[in-house]
Amino acid sequence: MGIEHHFLDQRSASDERPDRNLALELVRVTEWAALAAARWVGRGEKELADKAAVDAMRLVLETVRMDGLVVIGEGEKDEAPMLYNGEQIGDGSQPSVDIAVDPLEGTTLTARGMPSALSVIALSKRGSMLDPGPCVYMEKLAGGPEVADLLDLDRPIGETLQRVAQRRGVGVGDVMVVILDRPRHEEGVEEVREAGGRVRLIADGDVSAALLAVDPDSPVDLLWGVGGTPEGVISAAAIKCLGGQLVGRLWPRDDEERRAALEAGYDLERQLTVDDLIRSDDCFFSATGVTDGDVLEGVQYPPHPAGAGATTESLVMRSRSGTVRRVHARHDRAKLRAIAGELLG
């Protein structure tokens, strides 16, 4: 039984029955990772928070009925605990899928008790996710459907702002760009401001920022700058579900990484779209908030007679159906501890 049966990429006119939505199973994965990481919010221990999220995510992924291969793992660039590239995940049954994970996007945000930390995962059929090889960073520009055709990394960002403002019938001063607060972006930030645009600087959180950039109800119009390649691939899956566009270009950190990428056959000048990053029209995405943010509410511990309750909010999406769900869940931590020991706190 192949992947086509499970994902119905080749559907006949007489076979339009709803098939299995793996996103509804992935939400359990991100919920458990978020619950585990949330016990470390504000405690100044980003590695332990990340490890808790990784361990919880792996524990639940092993129960999902799939033959999963981690194509985009998190942790290599800063030697954190990780679900590593090439790791086999799931119970080994069909379908065969590629997986991109960031068990805790925003380890520093979590450690410092800052907003917008998430647990995220994306999934698509086997062989459809870009493997970025040695390049762990990527230039990115993302925006919603209305401005998708205006995104071009070779054009100065100030000029793109002007085109976006014209397309939307507003002044450039009404255009907001979300950018990671890094020294490498100082010139770009000044260019945005000189063009008359506004900047929202963020400490971390590429995926959360990309979701804001494509949300029509968000005050953010664009995401711009260099961030993690794993987050770029995960963001591409989300954007395929929501609409909009992300263009990205692999960004080697040094000459050694550049040589390795060129020797492996990567085109470092090419602008990659969401269809290059995720080469499937049926992908799945789930994110659960760890700390409160613009996109999702973080894990909450409401008053409870036994002090054992917790709530989560998740965003669960599938590109083929275009379905976007917000899942609010209440968890009994005492019962979860009976299943997972002290992992979930």
Side-chain angles (χ1 to χ4, degrees), residues 102 105-106 109 115-116 118 120 130 132 135-168 170-240 242-253 268-277 293-295:
D102 197 342
E105 191 205 26
L109 300 178
S116 299
L118 303 174
V120 291
L130 175 76
C135 296
V136 298
Y137 283 95
M138 172 187 288
E139 296 180 75
K140 304 172 194 174
L141 181 60
E146 184 182 356
V147 300
D149 62 314
L150 303 179
L151 306 183
D152 185 347
L153 289 169
D154 291 327
R155 184 191 305 124
I157 185 62
E159 184 180 336
T160 296
L161 257 65
Q162 294 170 358
R163 296 191 182 199
V164 168
Q166 183 178 15
R167 173 70 57 83
R168 291 189 166 165
V170 299
V172 177
D174 294 319
V175 178
M176 174 77 77
V177 186
V178 61
I179 303 174
L180 279 171
D181 189 4
R182 300 290 188 272
R184 61 179 176 266
H185 295 147
E186 289 175 357
E187 290 185 10
V189 168
E190 286 307 309
E191 187 176 346
V192 169
R193 290 172 174 163
E194 288 175 4
R198 295 181 294 156
V199 173
R200 177 187 287 195
L201 292 173
I202 58 171
D204 289 292
D206 277 26
V207 177
S208 178
L211 291 170
L212 283 176
V214 301
D215 182 353
D217 298 321
S218 162
V220 171
D221 299 280
L222 297 171
L223 160 72
W224 176 85
V226 175
T229 305
E231 291 85 350
V233 175
I234 294 171
S235 296
I239 291 171
K240 291 199 80 162
L242 289 168
Q245 183 61 276
L246 180 148
V247 292
R249 183 160 49 202
L250 298 176
W251 192 82
R253 292 171 292 180
L268 300 180
E269 302 303 318
R270 182 183 178 190
Q271 294 192 49
L272 305 165
T273 68
V274 293
D275 289 329
D276 296 313
L277 297 171
D294 294 304
V295 176

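Basis for what follows: all heavy atoms, side chains included, without hydrogens, waters or symmetry-related copies.
- Ser208 has its side chain out of reach of Ile202: every pair of non-hydrogen atoms, C-beta onward, lies at least 4.5 Å apart.
- Here the closest heavy-atom approach between residue Asp206 and residue Ser235 is recorded as O-OG, 4.1 Å.
- Residues that satisfy the side chain to side chain donor-acceptor pair (under 3.5 Å) test with Thr273, not counting sequence neighbours, are Asp276.
- Minimum interatomic distance between Ala148 and Gly244 (heavy atoms only, all atoms of both residues): CB-C, 4.3 Å.
- Remark: Leu222 CG to Ile179 CD1 distance equals 9.5 Å, nearest 0.5 Å.
- Atom-to-atom distance recorded for Leu180:CG and His185:NE2 is 6.0 Å, nearest 0.5 angstrom.
- In this structure Arg249 satisfies the salt bridge (Lys or Arg N to Asp or Glu O under 4.0 Å) test together with Glu139, Asp154, sequence neighbours excluded.
- Listed by first then second residue, pairs satisfying salt bridge (charged side-chain N to carboxylate O under 4.0 Å, His left out) with a partner in residues 170-182 read Arg182-Asp204, not counting sequence neighbours.
- Between Val214 and Pro145, the shortest heavy-atom contact is O-CD, 4.4 Å.
- Counting heavy atoms from C-beta outward, Glu191 and Pro156 have side chains that approach closer than 4.5 Å.
- Under the rule for a salt bridge (Lys or Arg N to Asp or Glu O under 4.0 Å), Asp215 has no partner lying at least two apart in sequence or in another chain.
- Here the CE atom belonging to Met176 is positioned 11.0 Å from the CG atom belonging to Leu161, to the nearest 0.5 angstrom.
- In this view, Glu186 satisfies the salt bridge (Lys or Arg N to Asp or Glu O under 4.0 Å) rule with no residue, not counting sequence neighbours.
- When atom types are taken as modelled, the side chain of Gln271 and the backbone of Leu153 share a donor-acceptor pair closer than 3.5 angstrom.
- Atom-to-atom distance recorded for Glu190:CD and Glu187:CD is 9.5 Å, nearest 0.5 angstrom.
- Considering only heavy atoms from C-beta on, Arg184 comes within 4.5 Å of Trp251 through its side chain.
- A pairwise comparison of heavy atoms in Arg155 and Thr160 identifies NH1-OG1, 3.2 Å as the closest pair.
- Taking a cutoff of 4.0 Å between a charged side-chain nitrogen and a carboxylate oxygen, Asp152 and Arg163 do not qualify as a salt bridge.
- Within the model, atoms CG of Leu246 and CD1 of Ile234 stand 12.0 Å from one another, a figure rounded to the nearest 0.5 Å.
- Ion pair Glu146/Arg167 not flagged as a salt bridge, since none of the NZ, NE, NH1 or NH2 atoms sits closer than 4.0 Å to an Asp/Glu carboxylate oxygen.
- Residues Leu212 and Arg200 have side chains in contact (heavy-atom distance under 4.5 Å, counting atoms from C-beta outward).
- Residues forming a side chain to side chain donor-acceptor pair (under 3.5 Å) with Arg193 (at least two apart in sequence, or on another chain): none.
- The distance from the CG atom of Leu277 to the OG1 atom of Thr229 is 9.0 Å, given to the nearest 0.5 Å.
- In this structure the side chain of Asp294 never reaches within 4.5 angstrom of the side chain of Ser218, judged on heavy atoms.
- The number of heavy-atom neighbours closer than 6.0 Å to CD of Glu159, taken from other residues, nucleotides and ligands shown, is above 12.
- Checking side-chain atoms of Gln245 against main-chain N and O of Gly143 turns up no donor-acceptor pair under 3.5 Å.
- Counting all heavy atoms, side chain and backbone alike, Leu109 lies closest to Ala203 at CD2-CB, 4.1 Å.
- Taking both residues in full, the closest heavy atoms of Ala165 and Val175 are given as CB-CG2, 3.8 Å, listed atom of the first, atom of the second, then distance.
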